[in-house]
**Q** 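I'd like to ask you about the structure that follows.
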Amino acid sequence: MSLQLHNTLTQRVEPFQPLSDNTVKMYTCGPTVYDFAHIGNFRTFVFYDLLRRWLRASGFQLDHVMNITDVDDKIIRNAVAQGKSLRDYTDNFTQAFLDDCGTLRLERPEHIVRATDHINEMAESIAKLEADGFTYRSDGSVYFRIAKFAEYGKLSHNDFSGMVAGARVDVDEYEKSDARDFALWKAPKEGEPNWDTCIGPGRPGWHIECSVMAYHYLGATLDLHAGGVDLIFPHHENEIAQSEALTGKPFAKFWVHSEFLLVDGQKMSKSLGNFYTLRDLFGRGFTPESVRYLLASVPYRKGLNFTFEGLNSAKTAIDRLRNFKLRLETAKLAEGLNDEIEAKANSAHLGFRAGMDDDLNTAEALGAVFEFLRDANVALDAGTFLEGNRARALELMVLFDSVFEVLTPSEAAGAISADDVEALIAARTAAKKSRDFARADQIRNELLEKGVILEDTKDGVRWKRK
RNA sequence: GGCGCGGUAGCCAAGUGGUAAGGCCAGGGUCUGCAAAACCCUUAUUCGUCGGUUCAAUUCCGACCCGCGCCUCCA
């Protein structure tokens with residue numbers, strides 16, 4: 001089987017294939033950098049990362065664009081309030097976002113692009129839309145007239161045919177012909193930054209940036225466009241209207257959307273006090289790997305209820321996987337090959353791939369790994385896991401980690417070196433041999449304080465970091 | 001109201017027309033100088049409710065109930 005993904009456009013799980021050659025042209029909606037990104041945002045960004053990794057594992061090359069929205073109402077309001085330039089204000093949070101992505105081990109898209117670096121292209125596109133009759137002006141702003149785009153609603157599966165243009169509706173401070181029409185370009189306002197362009201002064205609306213940057217970097221038709229479900233309407237619907245009105249070609253073949261993250265069953269909000277950034281979680285002692293694992297382990301199309309219990313559970317599960325890998329690397333094994341174990345390893349590989357191929361069903365993929373882990377541990381205990389079985393089992397862990405990437409602990413600053421640990425272990429072993437248990441226990445405690453856990457096994461002493 | 005997602009053990013969660021993966025927690029055990037760590041075992045006659053189709057339904061159909069999201073900015 002090959003990779004299948006749920007396509008919001010058709011509402012079905014379909015085989016994924018790029019339109020031409022082997023390179024996937026993908027666009028994903030990035031953050032609006034008015035503040036630190038929160039874990040709900042990162043649920044989606046982790047999903048992008050899993051998608052990237054599994055597309056590559058499926059043999060595709062990637063050409064992936066992610067935008068940084070660095071101009072919007074909140075940004076302007078906050079920057080003005082702090083007396084900062086837009087760029088100064090957004091640079092700070094853009095860098096924080098990129099740092100957080102690195103901490104969560106998210107692969108870098110091929111292009112990370114800022115809206116404000118593409119204002120002129122946006123203005124030119126809006127001019128073209130105006131020339132082609134898709135827009136109208138009102139008080140210096142330019143609106144997209146959705147009545148001119150017959151297929152409006154095809155992504156969100158809403159029927160707008162009953163909404164005829166002409167009934168004038170006042171919304172916000174601007175006057176629009178139709179309540180669903182949206183701003184392509186906003187007229188300058190007192191005290192707000194604006195750009196001088198071929199369509200006059202002002203600033204871009206939110207939706208136009210994605211259409212324009214996607215076209216600029218990837219061309220008229222994308223293989224795949226992803227985002228959170230909350231963006232289906234109106235953002236992605238509007239992107240389709242703009243892009244298809246501009247090029248006359250389909251905007252994206254596949255639309256893939258990740259479900260929402262809830263905290264304790266409720267939407268995150270500052271007033272409820274359940275609003276978390278990564279920094280908050282790390283401050284409480286949770287590791288990036290735990291967060292990554294939790295966000296990755298629930299399939300992306302299912303709502304994810306974030307709890308601290310879930311985070312602890314993730315930590316324990318990762319420990320078990322790491323312990324298994326350590327055991328595979330260090331166990332003394334008898335020569336030979338156990339065919340039964342090898343068959344189980346092979347079916348675990350297949351199970352993992354089948355799960356990922358099935359619309360990135362990470363829960364199913366994980367199940368295959370843990371099932372093998374148990375069988376292998378039983379065999380290791382019984383001495384029936386042989387030297388010839390080691391490689392294939394380790395390959396499974398490599399395959400697993402090529403997607404989940406949680407097995408290597410994050411570096412802790414000031415940690416004791418491996419050499420020092422080994423030296424202390426040697427000293428303890430010597431103390432034990434001379435039955436100086438007090439000394440042995442003292443060394444053990446000393447190491448524990450430094451975050452090193454010793455395991456006395458029948459194959460000798462094994463250690464790991466906490 | 002419209003559109004969409006979901007309701008499976010204490011928690012998270014996969015799944016199939018033929019009798020419930022996996023993870024966490026809990027309980028029990030193995031190992032050990034003692035520990036720790038590690039590992040193993042056990043844990044849903046039952047899959048929101050009620051009807052229907054079927055030899056057989058958690059899985060298909062219908063109705064209903066409940067939770068969440070979008071419909072205004074939002075991953």
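These numbers come from the heavy atoms of this one structure, side chains and all, not from hydrogens, waters or symmetry mates. Numbers restart at 1 for each chain; the letters A, B, ... are given by sequence-line order, proteins then strands.
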**Q** Cation over ring, A:Lys344 on A:Phe372, under 6.0 Å and within 45°?
**A** no

**Q** Which one, B:rG33, B:rC40, B:rG23, comes nearest to the side chain of A:Arg374?
**A** B:rC40

**Q** Do the side chains of A:Arg392 and A:Glu342 get close enough for a salt bridge, i.e. N-O under 4.0 angstrom?
**A** no

**Q** Would you say A:Arg465's side chain and A:Ile453's backbone share a donor-acceptor pair under 3.5 angstrom?
**A** no

**Q** Return yes if the base of B:rG33 and the side-chain atoms of A:Asp456 contain a donor-acceptor N/O pair under 3.5 Å, otherwise no.
**A** no

**Q** From the options B:rC70, B:rC73, B:rG33, select the nucleotide whose nearest atom is closest to the side chain of A:Phe233.
**A** B:rC70

**Q** Scan every strand shown for a Watson-Crick or G-U wobble partner of B:rC64, both distances under 3.5 Å, and answer none if you come up empty.
**A** B:rG48

**Q** Going by the ring-ring contact (aromatic ring centres under 6.0 Å, His included) test, name the single residue among A:Tyr27, A:Tyr48, A:Phe254 that passes it with A:His225.
**A** A:Tyr27

**Q** Hey, does A:Asp381 reach any base, or is it just sugar-phosphate, or nothing, if we go heavy atoms under 4.0 Å?
**A** sugar-phosphate

**Q** Taking the side chain of A:Arg444 as heavy atoms from C-beta outward, which of B:rC39, B:rG33, B:rA75 is closest to it?
**A** B:rG33

**Q** Does A:Thr32 reach a base, just sugar-phosphate, or nothing at all? Heavy atoms under 4.0 Å.
**A** sugar-phosphate

**Q** Sticking with atom C1', work out how far B:rU58 lies from B:rG15, rounded to a whole angstrom.
**A** 10 Å

**Q** With heavy atoms under 4.0 Å as the rule, sort A:Phe260 into base, sugar-phosphate or nothing.
**A** base

